[in-house]
There are 2 protein chains.
Amino acid sequence: MNHSAQTKPDYERELRRAGVRITRPRRVILDILAATEDHPDAMEIFQRASTIDKSISLSTVYRTMKLLEGMGAIHRHAFEGGPARFEQASGDHHDHLIDLDTGDVIEFHSNRIEELQDEIARELGYEIVHHRLELYGRRRKASARK
Amino acid sequence: MNHSAQTKPDYERELRRAGVRITRPRRVILDILAATEDHPDAMEIFQRASTIDKSISLSTVYRTMKLLEGMGAIHRHAFEGGPARFEQASGDHHDHLIDLDTGDVIEFHSNRIEELQDEIARELGYEIVHHRLELYGRRRKASARK
DNA sequence: AATGCAATTGCAAATCGTTTGCAACTGAGG
DNA sequence: CCTCAGTTGCAAACGATTTGCAATTGCATT
Ligand SMILES: [Mn+2]
Ligand SMILES: [Mn+2]
Ligand SMILES: [Zn+2]
Ligand SMILES: [Zn+2]
């Protein structure tokens, strides 16, 4: 849920430790990701980066996203329809509800569902490596129902 | 689960009722889908169709898949990595477990998970239109099951 | 601070899956 | 059979992402 109480992860330190160079484009992209509360796609990250450094290319955004994803620093989501969207991997695990009308992405978490998934996989003789749970819906009309 | 006890749906009748023409390419593709137990992608369907009618084009496969999807006759899945895969919509709702090593797709269903999803959406003020639950995992080594 | 070189970049071109414009063709009601 | 809107194959266009390559840059080393 992007708890604001969360310690902002020091990506630069982590990158250095991984023997990766801290370049100007990477620093800019890292800053953008750290300051982001939503789930931007590559083009959005590119545009935000461009306002800071005109010379950054879209290719570099993609390459950096792949690098960070490989390091486990970010998660890539492929919601239906649009391009891949990203978010920092720093928070706790959660799944997403997409508002079909507005495109809003709402985060949620259910321990019960997570447990059931494990149980199902186990029964089938499998061990889950990762999963994807996306709910697509629309706001309930506030029609005097209850 | 593609229950074999299921009545094979008469797509041709359904199509006619929808004012859609039964053409040779469509008949071929429909037959392939009806005879399919797995989740083929457009290229696979195209290749299977080609062995029956050399003149069918990949475009027509795509167009037909879109038509059938719009009619609710098939479901389109975008599992991570590969191209979209399809399956008849005739069976009961189910979700998928993808074997990361073999690519096998295993179907499962959990009423409990479905209920929890509804509950979560409701609490957030939403009504689910559809959802996507995919488990990616690998066979458990130690204890043999199945 | 100057040097050396592999890592990284921007750019353009390539790739992949899918869609689309268009002229030729065909299903099905008359 | 006629007719003609629906459908097709083909090629070209598409959007998202990746990649080859020559130029640039971070940074370990003097
Ligand atoms: Mn999220
Ligand atoms: Mn299935
Ligand atoms: Zn989850
Ligand atoms: Zn489900």
Separation of dT9(C) C1' from Ile29(A) CD1 (nearest whole Å): 11 Å
d(CD1, Ile22(B); P, dT8(D)) in whole Å: 10 Å
Flag for His93(B)-His131(B): side-chain donor and acceptor within less than 3.5 Å: yes
Single-linkage hydrophobic cluster Tyr136(B)~Tyr126(A), side-chain heavy atoms < 4.5 angstrom: no
Contact under 4.0 Å: Thr23(A) side-chain N or O vs dT9(C) OP1/OP2: yes
Residue-phosphate contact under 4.0 Å: Arg26(B) side-chain N/O, dT7(D) OP1/OP2: yes
His96(B) and His94(B): side chain donor to acceptor below 3.5 Å: yes
Residues Asp53(B), Arg24(B): salt bridge by 4.0 Å N-O rule: yes
Side-chain heavy-atom pair His130(B), His75(B) within 4.5 angstrom cut-off: no
Rounded distance in Å - CD1 (Ile45(A)) to P (dA16(D)): 14 Å
Phe46(A) CZ - dC11(C) C1' separation (whole Å): 12 Å
Polar side chain donor-acceptor pair, Arg26(B) to Thr60(B), under 3.5 angstrom: no
Are there any protein N/O atoms within less than 3.5 Å of an N/O atom in nucleotides 16-19 of chain C, and if so, which ones and at what distance?
{"residue": "dT18(C)", "atom": "OP1", "partner": "Ala84(B)", "partner atom": "N", "Å": "2.9"}
{"residue": "dT18(C)", "atom": "OP2", "partner": "Tyr62(B)", "partner atom": "OH", "Å": "2.6"}
{"residue": "dT18(C)", "atom": "O5'", "partner": "Tyr62(B)", "partner atom": "OH", "Å": "3.4"}
{"residue": "dT19(C)", "atom": "OP1", "partner": "Lys66(B)", "partner atom": "NZ", "Å": "2.9"}

Thr102(A) versus Arg139(A), side-chain donor and acceptor atoms under 3.5 Å: no
Atom pair distance, as rounded to whole Å: CD in Glu80(B) and C1' in dA16(D): 17 Å
Nucleotide dG27(C), atom C1' - distance to CZ of Arg21(B) in whole Å: 5 Å
Nucleotide of dG10(C), dT25(D), dT8(D) approaching Ile56(A) most closely (side-chain heavy atoms): dG10(C)
Atom pair distance, as rounded to whole Å: CZ in Arg24(A) and C1' in dC27(D): 18 Å
Interatomic distance where CG belongs to Leu67(B) and P belongs to dT7(D) [whole Å]: 7 Å
